[in-house]
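This report refers to the structure that appears directly beneath it.
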Amino acid sequence: MSRAFPSSLPLSRHRIDRDHDTRSDPAALDRLWSSDRARVLVLNRGLALASTGSDPEGWDGFGEPPANRRTELALLRPDELGDDTADPDTAAGPVRLYLGILLDTDDRPTGAPVFAITVPDARADALVAERPGAAWVNLRLVATELDDSAAGVFTEALAMMNWHAVSSHCPRCGATTTVESGGWVRRCTVEGVELFPRTDAAVIVGIVDAEERLLLGSNALWENNRYSLLAGFVEPGESLEAAAIREIAEESGVVIADPEYVGSQPWPFPASLMVGFMARVAEDGAAGERPDGDEIIDLRWFSREEIVDPDNGILLPGPSSIARAIIERWYGGPLLPRETASAVVLPADAAADERPVPSGSGEG
């Protein structure tokens with residue numbers, strides 16, 4: 001991937017050819033599933049099986065994660081899954097989701113097809129027991145420890161399996177649906193209509209005032225020392241830019257001008273796409289700033305010095321979020337752990353570099 005801003009977003013990384021053409025060929029999918037090179041990412045309750053590593057103890061995704069960690073996902077052969085996953089894509093078996101063909105570091109196909117399957121609790125326990133050092137890991141907590149291939153397949157699989165979990169019945173008539181196209185389509189058994197996975201777009205905005213300060217908010221659902229960018233879902237019939245202006249005004253009373261797109265990141269918790277913007281406060285746009293009192297309970301402007309002050313007592317979004325990436329983009333470089341923050345020297349061009357959970361201030 002390019003080393004531009006999107007490459008700094010952990011869940012936007014990928015190294016897989018999604019191989020759209022093969023999805024519609026059941027015989028080809030069966031051949032790939034039976035090949036010696038086939039591998040399967042195993043999910044259970046939204047977690048993935050890892051061969052090494054585990055969720056960081058005592059860390060929930062805000063603030064700084066433990067350092068010097070490495071997690072590797074366990075990509076199993078189909079014959080390692082067990083009898084209770086032997087009959088995929090039927091009423092009695094799990095969805096066999098075809099993720100695509102892994103690419104090498106030069107983005108060339110390796111010929112290794114990758115699938116994903118969700119297993120029941122009993123099999124999940126057995127898979128860990130059979131593999132010393134194995135664990136079930138949360139994407140949000142280990143994303144930055146994964147390489148591009150692992151981050152991409154985990155994000156893709158989790159988003160799709162979240163959709164399957166709520167799509168067993170047709171939203172039009174309530175009839176059951178069947179799985180087609182390698183797990184990328186469900187079809188109503190009564191009306192025959194195809195149902196496709198959905199993604200909910202949400203905007204998240206880095207707001208800068210005339211003094212180059214960044215606006216952060218604290219969500220009503222969080223402890224009061226947690227702050228992030230303001231965010232919210234795009235409404236029907238609304239452009240991304242209009243949603244950014246509306247959401248910021250609703251949640252903070254601040255009026256922004258000319259929001260500029262900087263990048264996007266999937267956020268499959270359960271099905272969002274976080275669309276990041278930077279924006280400046282419009283003239284007199286900060287005069288009436290106030291938290292909405294519903295989603296946002298506090299608003300604070302931070303200078304670059306204040307954001308890294310070890311005595312500020314706040315927790316910022318973790319490194320898996322686009323919120324963190326946008327904050328660091330405004331800051332001009334990585335935000336170092338609190339114990340080393342006092343030694344930070346701001347980049348010389350930081351002030352010139354203005355180049356991000358929906359519905360309220362969120363990790364995203």
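Side chains included, hydrogens not; waters and symmetry mates left out as well; all remaining heavy atoms used.
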According to a 4.5 Å side-chain heavy-atom criterion applied to Ile, Leu, Val, Met, Phe, Trp and Tyr, with indirect links allowed, do [X] and [Y] form part of one hydrophobic cluster?
X: Val166; Y: Phe269; result: no
X: Val208; Y: Val262; result: yes
X: Leu299; Y: Trp301; result: yes
X: Trp184; Y: Phe154; result: yes
X: Tyr261; Y: Val205; result: yes

Salt bridge or not for [X] and [Y], using N-O below 4.0 Å?
X: Asp298; Y: Arg226; value: no
X: Glu180; Y: Arg186; value: no
X: Arg213; Y: Glu305; value: no
X: Asp125; Y: Arg123; value: no
X: Glu80; Y: Arg131; value: yes
X: Glu64; Y: Arg324; value: yes
X: Arg70; Y: Glu145; value: no
X: Glu212; Y: Arg280; value: yes

Closest approach of [X] and [Y], non-hydrogen atoms and distance?
X: Met161; Y: Leu97; result: CE-CB, 3.8 Å
X: Pro109; Y: Ile101; result: CB-CG2, 4.2 Å
X: Val40; Y: Ile117; result: CG1-N, 4.0 Å
X: Leu11; Y: Ser320; result: CG-O, 4.2 Å
X: Pro319; Y: Gly63; result: CD-O, 4.2 Å
X: Val142; Y: Asp55; result: CG1-OD1, 3.8 Å

* Using the side-chain contact (heavy atoms from CB on, under 4.5 Å) rule, take Leu103 and Thr110 through it: C-alpha gap first, then chi angles, then the decisive distance, then the call. => CA-CA 5 Å; Leu103 303 175; Thr110 63; 5.5 Å; no
Backbone N/O of [Y] and side chain of [X]: donor-acceptor pair under 3.5 Å:
X: His14; Y: Asp148; answer: no
X: Glu306; Y: Ser303; answer: yes
X: Arg140; Y: Gly318; answer: no
X: Glu238; Y: Glu235; answer: yes
X: Asn162; Y: Pro270; answer: yes
X: Asp294; Y: Ile296; answer: no
X: Ser321; Y: Pro317; answer: no
X: Trp136; Y: Arg45; answer: no
X: Thr177; Y: Ser167; answer: yes
X: Ser51; Y: Glu72; answer: yes

* To do: Dump the intermediate steps for side-chain contact (heavy atoms from CB on, under 4.5 Å) on Arg187 and Val193, then the final yes or no.
  => CA-CA 6 Å; Arg187 187 180 296 275; Val193 296; over 6 Å; no
* To do: Provide the full list of ring-ring contact (aromatic ring centres under 6.0 Å, His included) pairs with a residue in residues 103-128, sequence neighbours left out, each pair given once.
  =>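 For residues 103-128: Trp33-Phe115, Tyr98-Phe115.
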* Derivation of the salt bridge (Lys or Arg N to Asp or Glu O under 4.0 Å) call for Arg96 and Asp30 -> CA-CA 10 Å; Arg96 183 181 70 183; Asp30 286 340; 2.9 Å; yes
* Do Ser24 and Ser181 get their side chains close enough for a donor-acceptor pair, meaning under 3.5 Å? -> no
* Please determine, by modelled atom types, if Arg15 and Ser149 share a side-chain donor-acceptor pair under 3.5 angstrom. => no
* **CA sep, side-chain torsions, deciding dist, call: Asp19, Thr22, side chain to side chain donor-acceptor pair (under 3.5 Å)** => CA-CA 6 Å; Asp19 189 20; Thr22 301; 2.7 Å; yes
* Does Ala257 have any side chain to side chain contact (heavy atoms under 4.5 Å, CB included) partners at least two apart in sequence or in another chain, and if so, which? -> Ala282
What distance do [X] atom [atom1] and [Y] atom [atom2] have between them, rounded to the nearest 0.5 Å?
X: Ile256; Y: Glu241; atom1: CD1; atom2: CD; value: 10.0 Å
X: Leu141; Y: Trp59; atom1: CG; atom2: CH2; value: 5.5 Å
X: Leu214; Y: Tyr227; atom1: CG; atom2: OH; value: 13.0 Å
X: Ile16; Y: Asp107; atom1: CD1; atom2: CG; value: 12.0 Å
X: Gln265; Y: Met274; atom1: CD; atom2: CE; value: 9.0 Å
X: Ser218; Y: Ile314; atom1: OG; atom2: CD1; value: 9.5 Å

* Mind running side-chain contact (heavy atoms from CB on, under 4.5 Å) on Ile322 and Trp267 for me, showing each step along the way? => CA-CA 9 Å; Ile322 190 174; Trp267 194 247; over 6 Å; no
* Show your reasoning for whether side-chain contact (heavy atoms from CB on, under 4.5 Å) applies to Asp200 and Leu273. => CA-CA 6 Å; Asp200 299 320; Leu273 175 68; over 6 Å; no
Contact between [X] and [Y] at the side-chain level, heavy atoms closer than 4.5 Å - yes or no?
X: Val42; Y: Leu81; answer: yes
X: Leu99; Y: Val153; answer: yes
X: Leu215; Y: Asp209; answer: no
X: Leu240; Y: Val234; answer: yes
X: Ile307; Y: Leu335; answer: yes
X: Leu47; Y: Leu158; answer: no
X: Ile207; Y: Val281; answer: yes
X: Leu73; Y: Leu146; answer: yes

* To do: Decide if atom CG of Asp258 counts as having more than 12 heavy atoms of other residues, nucleotides or ligands within a radius under 6.0 Å.
  =>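 Counting other residues, nucleotides and ligands, CG of Asp258 stays at 12 neighbours or fewer.
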* Asked: Take atom CG in Asp106; do more than 12 heavy atoms of anything else shown fall under 6.0 Å from it?
  ->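 For Asp106, atom CG is crowded (more than 12 foreign heavy atoms under 6.0 Å).
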